[in-house]
Engineer: 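Got a structure for you, questions after.
Here is the naming used below: chain letters follow the sequence lines, and residue numbers restart at 1 for every chain. Remember, predicted model here, so these are calculated numbers, not experimental data.
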Number of protein chains: 2
Amino acid sequence: MEPETPQSAGRVVTLRDVAKLAGVSIATASKALNNQPQVRAETRARVIRAAEQLSFSPNTLAQGLITQRSGTVGLLTSDLEGRFSIPILMGAEDAFGSDQTSVFLCDARGDTVREKHHLRALLSRRVDGLIVVGARPDARPSLGRELPVPVIYAYSPSDDPADLSLVTDNVGGGRLAVDHLIRHGRQRIAHITGDATYGAAQDRARGALERLAEEGLELAGEQVWFGSWSEAWGRGATRMVLQRTPDVDAIFAGSDEIARGVLDALHQEDLDVPGQVAVIGFDNWKVLAANARPPLSTVDMNLEQLGRLAAQRLFAAIDGKPKGGVETVGCRLVIRESSS
Amino acid sequence: MEPETPQSAGRVVTLRDVAKLAGVSIATASKALNNQPQVRAETRARVIRAAEQLSFSPNTLAQGLITQRSGTVGLLTSDLEGRFSIPILMGAEDAFGSDQTSVFLCDARGDTVREKHHLRALLSRRVDGLIVVGARPDARPSLGRELPVPVIYAYSPSDDPADLSLVTDNVGGGRLAVDHLIRHGRQRIAHITGDATYGAAQDRARGALERLAEEGLELAGEQVWFGSWSEAWGRGATRMVLQRTPDVDAIFAGSDEIARGVLDALHQEDLDVPGQVAVIGFDNWKVLAANARPPLSTVDMNLEQLGRLAAQRLFAAIDGKPKGGVETVGCRLVIRESSS
DNA sequence: CGGCCTGCCGAAAACGTTTTCGTGAACGTA
DNA sequence: TACGTTCACGAAAACGTTTTCGGCAGGCCG
């Protein structure tokens, strides 16, 4: 009759099993596997071999219980559906994945009570930290200063300046777009963008105007065209711009959706892009931008990098004193064919 | 001098603190909070009050250690970027959220070794179960039968029929689309779809052909137009279909991206949609479908429901014997204006 | 040979719960 | 009064680790 192994008994392998197989105590087994110095090389090897043989994997719950570190963080998003959360989430997950920390995903669906509920659950699970990623780039209410773990706000900054928030540099993004158009010889640049109540819309417009002013240029189309973040608005606004300034030679759109509408309207007017009018979007939403006709140049917010940065800052805050303030992440140009 | 509370000491509140404040033992405190019967009503009330006063939240790690249930599940996606994972993930998160289980999110980025790595980590964390959501609707390698926890495969079925997989009913989706077109009096229906190596493309086409055959109709455009999942292909294929069958009165596109291309090409030929040609897409990818001109009718795969179902099946499997096989989730029509 | 240091190892406490079991009190019954 | 039963409650074990500390060899020095 075979000697019964832990696995064959349907039990999950524990450190005790490894120790017994290696002929050492539990304490030594633990030290051997954790690279503690006070164990002979030969013994360590024996333990490791035993662990592999049993395919031992340590119970992180027990580890967390004693070390007071769960090795987990909470990712509290208020809107999974919104496409901006996802890249941030990917970046964060990526940055953590390389370490040995796992990520709890919670979607509050923009509901405050659901958020509270998730927060409670996460704290109960003794997460080592939290990343809160918002749905829109404007400030959101802080979770409070009395939390037992550090918190990083990503995309939506916290309304409490004592918290650490990571946000997109929308002003810089606006500058970048206009700078690119100017460098390609455009002089009569219009700006069509989304909802004026969005801070991001204001910031992008401001950046654009700043860069124009530096060059001594005025905005074409008489004004910044605020509206909604939709293709339909892009089409409509384009027609109005063309009416005011028929010789416009570039349009900076506040989002890729709007830019698609702009392209569509320009086609209808038989204007060549980028021959007669250059177009640049914002977001680098690939399915929209890359499939446009012609493929759309656009500004990328580097959201994945923002997510990775959030993870790094969270780590720093977990063992160190927490920092407050707002940190911005720069944008980058993605040049395709609509602006060459 | 104030009596020192646990919080003021910077310590996290434990059951011991609650018990002391309520003047009972730890055991009784535990029983009181867990609605065990063997505790006097008055005592229970006192304990609960103490717990609230200290805003006690039980350490789930300790709970999990002893109950052998961590109350967590792993969500192992192979491709977060792909838009199909997200709704499934939302559905699953939603279904779990109402219960007291939390979700670990892991993105393998389509990499097998990363997947193995995440799997190890999840098992180490003693998750109670796993949901594996794939990137494309074709079969993927099973994680194996020897896992200590139940696994549900969502979207991509496992290649091992002993596993339980949940997939979209693509055949039904194809039928649904064509049925809708027929009901609206269309007789010359063409089908333009994506990569022929995708099982989903084959299935949708099969469903469409079945439904046509039932009506005694033939496919317009001489063949099923397989190609790629892109707008460009939609444009190109539409031109070819028009060349073959100038009087086509409906086009069923295998995806919304393709449908956008179809619409674009029809506009260029000055054909009215839906007056002369009806168009229906697949996926209900809102930003594409709702913003199209005219807004695009399409087939929705009910992915959120699929995610919720996966969560339910996982629960059933956690305490019950695991079931195998493939279960399909039906599609539904989303009627907008392109097909009326 | 006695003392001291060094190198390895194991016993045991600790983390914060749940759960089993024992115990004392109160009560009813013979 | 003696005895069994029920009712609340507490002591202690258990979950699977990490870490502190003490002990036992063996080697070196005086």
Engineer: With a strict under 4.0 Å distance from non-hydrogen atoms of chain B, what nucleotide opens and what nucleotide closes the contacted stretch of DNA chain C, reading 5' to 3'?
Structural biologist: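 Contacts span C:dG16 to C:dT20, reading 5' to 3'.
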Engineer: Do the side chain of A:S165 and the main chain of A:Y153 share a donor and acceptor less than 3.5 angstrom apart?
Structural biologist: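 The answer is no, because no donor-acceptor pair under 3.5 Å joins these two groups.
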Engineer: Could you tell me whether the side chain of B:D111 and the main chain of B:A108 form a donor-acceptor pair under 3.5 Å?
Structural biologist: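 Side chain of B:D111 to backbone of B:A108, a donor-acceptor pair under 3.5 Å: no, none is there.
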Engineer: Distance-only, no hydrogens or angles: does the A:R46 side chain make a donor-acceptor pair with backbone N or O of A:A22 under 3.5 Å?
Structural biologist: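 Yes; at least one donor-acceptor contact below 3.5 Å.
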Engineer: Mind checking whether A:V47 and A:T28 have side chains closer than 4.5 Å, heavy atoms only?
Structural biologist: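 Answer no - side chains too far apart.
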Engineer: Between D:dT20 atom P and A:Q38 atom CD, what is the distance in whole Å?
Structural biologist: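 Checked: the CD to P distance equals 9 Å.
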Engineer: Describe the nucleic acid contact of B:T60 in one word from base, sugar-phosphate, nothing, applying a heavy-atom distance below 4.0 Å.
Structural biologist: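 Result for B:T60 = nothing.
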Engineer: Between B:V39 and B:R126, name the one whose nearest nucleotide on DNA chain D is closer to the 5' end.
Structural biologist: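 Nearer the 5' end of the strand: B:V39.
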Engineer: With A:R125, which of B:S57, B:S70, B:S102 fulfils side chain to side chain donor-acceptor pair (under 3.5 Å)?
Structural biologist: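 Going through B:S57, B:S70, B:S102 one by one, the side chain to side chain donor-acceptor pair (under 3.5 Å) with A:R125 is satisfied by B:S102 alone.
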Engineer: Between atom CD in B:E42 and atom P in D:dA8, what is the gap in whole Å?
Structural biologist: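 So the two atoms are 12 Å apart, to the nearest Å.
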Engineer: Using the closest heavy atom to pick a nucleotide of DNA chain D for each, name whichever of B:A62 or B:R40 lands nearer the 5' end.
Structural biologist: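 The answer here is B:R40.
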Engineer: Contact class for B:Q63 vs. all strands (heavy atom < 4.0 Å): base, sugar-phosphate, or nothing?
Structural biologist: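 It contacts sugar-phosphate atoms only.
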Engineer: Closest-nucleotide mapping onto DNA chain C: is A:R44 or B:N34 further toward the 5' terminus? I mean the 5' end.
Structural biologist: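 Taking each residue's closest nucleotide, the earlier one in sequence belongs to A:R44.
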Engineer: Using a 3.5 Å distance criterion without hydrogens, assess whether the side chain of B:D128 forms a donor-acceptor pair with backbone atoms of B:V73.
Structural biologist: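 It does not hold such a pair.
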